Amino acid sequence: MKISMEEIKKEVKTMESRELSDQTPVLRVEPNRLLEEMRKLYDLGLTHLSTIIALQVDNKIQIDYPLSSPLNKKLAPAIFVETIVSMDKPKISTIEDIYPSAVTYEREVTDLLGVEFIGADHRDKLLLPDDFPDNLYPLRKDYTGKELQQKLDELGVGYNPTIPLKEEEDYVMAVGPQHPTHKEPIRFKFTVEGEDIKNVELRLGFNHRGIEKALEQGTWIKNLYLIERICGICSSAHQLAYVLTAEKVDKILDQVPDRAQWLRVLVSELERIHSHILWYGVLAHDGGYDYMFHITWRDREDVMDLLEMWTGNRVNYAMMTIGGVRRDIDENLRKKMIIKLKKLRKNISKHKEVMEKEKTFLARIKNVGYLSKEDAIRFGAVGPTARASNINFDLRKDVPYAAYKEIPFKVYYRSEGDVYATMAVRLDEALESVEMCLYVLENLPTGDIAIKVKTRLQEGEAHTRVEAPRGEDIHYILSDGKNAPYRHKVRAPTLANITSLMYRFKNMQVADIPMIIRSIDPCIGCMERVTFVDAKTGKTKEISGQELISKANRRYRLNEKIKIFEV
Amino acid sequence: MTSLIGYLSASKQALKNLFSKPVTVMFPAEHVSLPKGYRGTPVLIPEKCTLCMKCERVCPTGAILIEKLDKKNGYFTIDIGKCCYCQECEKACNFDAIHLIDKWLTASDNKEDFVTKHFVQRNGKKKEE
Amino acid sequence: MIIEIVKIFVFPGIAFILFMAFFSSWMVRKIVARMENRVGPPFLQPYYDMGKLLAKQRVYPHESIASIMHLMPMIQLGVAILIALFMPVYSPKGILSFDGDVYFILFLISIHGATAYFVGWASRNPYTISGAGRAVMTEISLEIPLAVSIASMGIMTKSIRISEMTEKLGISMFPRTETGEIVNKLTWLYLIPWTILIIVAIYSAIGALELSPFSAPHAETEIVHGWSTELTGADLAMTEMADMVNLFNLSALITAIFLGGPRTGLIILNLIEPWTYVIGFLFFLMKFLLVMFILSYIYVLSGRLRIDQIISALWSYFLPLSLIGMLLVLILETIGG
Ligand code: SF4
Ligand code: SF4
């Protein structure tokens, strides 16, 4: 039953096959055979589509589908299926019937590169503003970032707000873009009947920052700090994915010193601890259990202090660099860290004890937002979300990177599939991460922490998948030998989980909305790094704080009636 | 029964908290202590700087701007409104002329407050590399 | 005459009620904060809050019915203060008192739910309408357990007047001879239904106050701020103040009916006229604070139930519990009577 990579290669009719710089096999298929081959691959067990990578090469658009299998360990490393379409009127058949999670990725590709997907329903814009011109595709190489921004400024894109909610037959409740559940800009449009949810629609793109385009304008070193700002919470996961990919492109991965790899693991695990504590604290808050929210966040300060002591900052650690890490740990710090971690371990066990037993809180999270194993696989769930649905898959174990191969740890997964399971998995993982940090600190190899690298990397292509606190995070880099990437594709874990999230709302109530949204630990910031700089935010930068205040005051004095619904 | 145990352990904590000192740091009056090596505001030591432009080249955000008047004199501007506190400038400088110090209270209503401009005069003799 | 006016407007009337309301609101916030290891608000915080809200502009959303949104908060505050006038503070008799006032109070409490519904409905916003529906559902479900538990206490004390219930509580639970000896050992059994009933009453009070675990009508992470989402400025100040006064009311009601209010209980003090009042007031304060503490304690340590869970909890646990309490009281009355 369990079939290996070689057999897969034999099964597929390829035009040619090649390898990326990191030995990932690439199977190039003809565009009109894509659907057929994808179905075959799905049936062979490659059920997980990580993302869709599209890029312009000369006058063609190359589309890659990284596939892998969460169940068959032999197929855990990704395999790329590639197809090439021409630039004018690019068309390719949609694969949403086979991989439902492809919908968001395909819509993203349509928005940014103008590839039409045959057979898909009419699709609105997902990421770009509604008034973005139809024939302009930000990630094509026709314009540089500056030119594009000028053009958008001329057209005044982004000044017309997103089309407001219309009155509809059913009762519509909007959660977001501004809502206390979610302090991040995303809009769920719930159609409700009394307290029951009937339908949900999603709109992203309130916060696009155009990081992928911006990365093409930076340099390899400058990009380190931009990548880090994709997300505040999993900043080092993104940085780690980026440096690993860059090292693979430059073929220096095996020269990176051991100590650096171990320290990379340490910072990733500390980050995972703080992310998970933050998450279950906020979950408690969403469930109205504010006591636990405050207690967990109080105890989270310990790990934040640890990170601050070592890296010099609480959030953006700036620890990774191509070829190693930037700061070492001395003996003194190591001892302090061990003491703090032991205290943390005690505190997390306490949280676990309370959160898994408090009855009113459990009533809110048990049997809520159920996702079965089959659905989790079908919708491409990743990370703790998948592990809560009984999928024993963790990239740290199954596709080890950095020093994870040498560090013993256990992968926790649960079979319940509800919000409670996602919480239990994260609690266990946080505890396991503390153990891993202690192991790293006690067994840290000696040696250098970085090697010197050139400012230009070699030509090449590579990808890395890392297990960010929220799940699989994939980075893909194509370098053409210049001092900036030709194409850098990032897919943050939230986008992968959003498809399954929509499915979880089935048969749920309004009151469950915050818990279910929280269950995947959504991070809208990292999800929406794609589009080009929003012209609107570009402009508001010019307005000083004073002006904004006076504007608001004027509105206040004029006693304007504030319209809420356009009826 | 299990629920009762959970309730009890939480309430034990809660009662303990009730009679212990709050962890809150009353911000403007009290401050948290910063660890050694904290990455705060970048500050230039104009006497040491040689206007070699190295830091300007590495700065990812363009927070450093060096305007040379002639070979020896120039203006060195740091805009912490742009700075991302990455410490690349400190690492790049061979003359120990720029440092990230533990100053972090930088908020201001006024954009001009973020910009510090130094007049730098290069005094010829190089420090040890 | 002057004394009457002072009673109504100063002590224990409106001024005192508002002070106690602000104080209890501060108290709950402080206890909650300290349990969460936070500092909590300073003593004057509720006054600042109210001052700020009163000074703010009122905004009514498009298509909403401004008159209702303006009127209802005032009714809420009025009703809340009216309830407060019945509360015995220093002597078993409140400012207002008549036969059957307990049921009048229950009626007034349900008016609060109705006004909440009107506000939510008039605001024309999915959040407020959702919140309004939840508020009414909670109100209806908690009404009956609360009424039953109060009625059982009425049976125990053979009265439906707050002042008499307060006065007779000690005597009817523990009838004593002149010298203070308890006549009948059996009366200790009264403590069983009493415990059940006070638990029901406290949980019902938490529901009426929309605190956790029954805070669904105000669930901030789901429906922003429930039925009062669209209220602004002075209107919001009125509802907030009404909430604070209700916090005082319900704690005082429980204090009066279940704990004997200003009565000294088993301790017998032979004091002259003004001093009985002072001691009575101190006893009231002590019991009141105890009830407040229990309220905030439950509030801190529980999550927020969903509306269907609230309803099923109130109907299938608390209502039967209150009925069992009533039954026990009746049995004891027939045996002991
Ligand atoms: S810390 Fe980084 S962003 Fe700030 S001035 Fe230095 S190099 Fe530039
Ligand atoms: S601060 Fe250092 S790197 Fe920057 S110009 Fe001066 S000497 Fe050169």
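Every chain is numbered from 1 and lettered A, B, ... according to where its sequence line falls, protein lines coming before strand lines. Owing to the predicted nature of the structure, the values given are computational and were not obtained by experimental measurement.
Of all non-hydrogen atoms in Glu308(A) and Leu34(B), the two that sit nearest each other are OE2-CD2, 3.8 Å.
Residue contact with chain B, scored on non-hydrogen atoms closer than 4.5 Å, is absent for Leu362(A). Asp305(A) does not touch chain B: none of its heavy atoms, backbone or side chain, sits under 4.5 Å away. Contact annotation for Arg314(A): neither backbone nor side-chain heavy atoms come within less than 4.5 Å of a heavy atom of chain B. If you measure heavy-atom distances from Asp102(B) to chain A, you find no contacts under 4.5 Å at all. Neither the backbone nor the side chain of Leu100(B) comes within contact range of chain A; no heavy atoms are under 4.5 Å apart. For Val58(B), the part lying under 4.5 angstrom from a heavy atom of chain A is the backbone only. With a threshold of 4.5 angstrom between heavy atoms, Lys36(B) approaches chain A through N, CA, C or O but not through any side-chain atom.
In this structure the side chain of Asn17(B) reaches within 4.5 angstrom of the side chain of Arg298(A), judged on heavy atoms.
With values rounded to the nearest 0.5 angstrom, Tyr225(A) atom OH is found 11.5 Å from Cys83(B) atom SG. The distance from the SG atom of Cys84(B) to the NZ atom of Lys222(A) is 11.0 Å, given to the nearest 0.5 Å. Note that CZ of Arg57(B) and OG1 of Thr455(A) are 10.5 Å apart. Values are rounded to the nearest 0.5 Å. Interatomic distance, Gln87(B) CD to Asn313(A) CG, rounded to the nearest 0.5 Å: 10.0 Å.
Ranking Leu224(A), Thr311(A), Asn223(A) against chain B, the residue ahead of the rest is Thr311(A), based on heavy-atom pairs under 4.5 Å.
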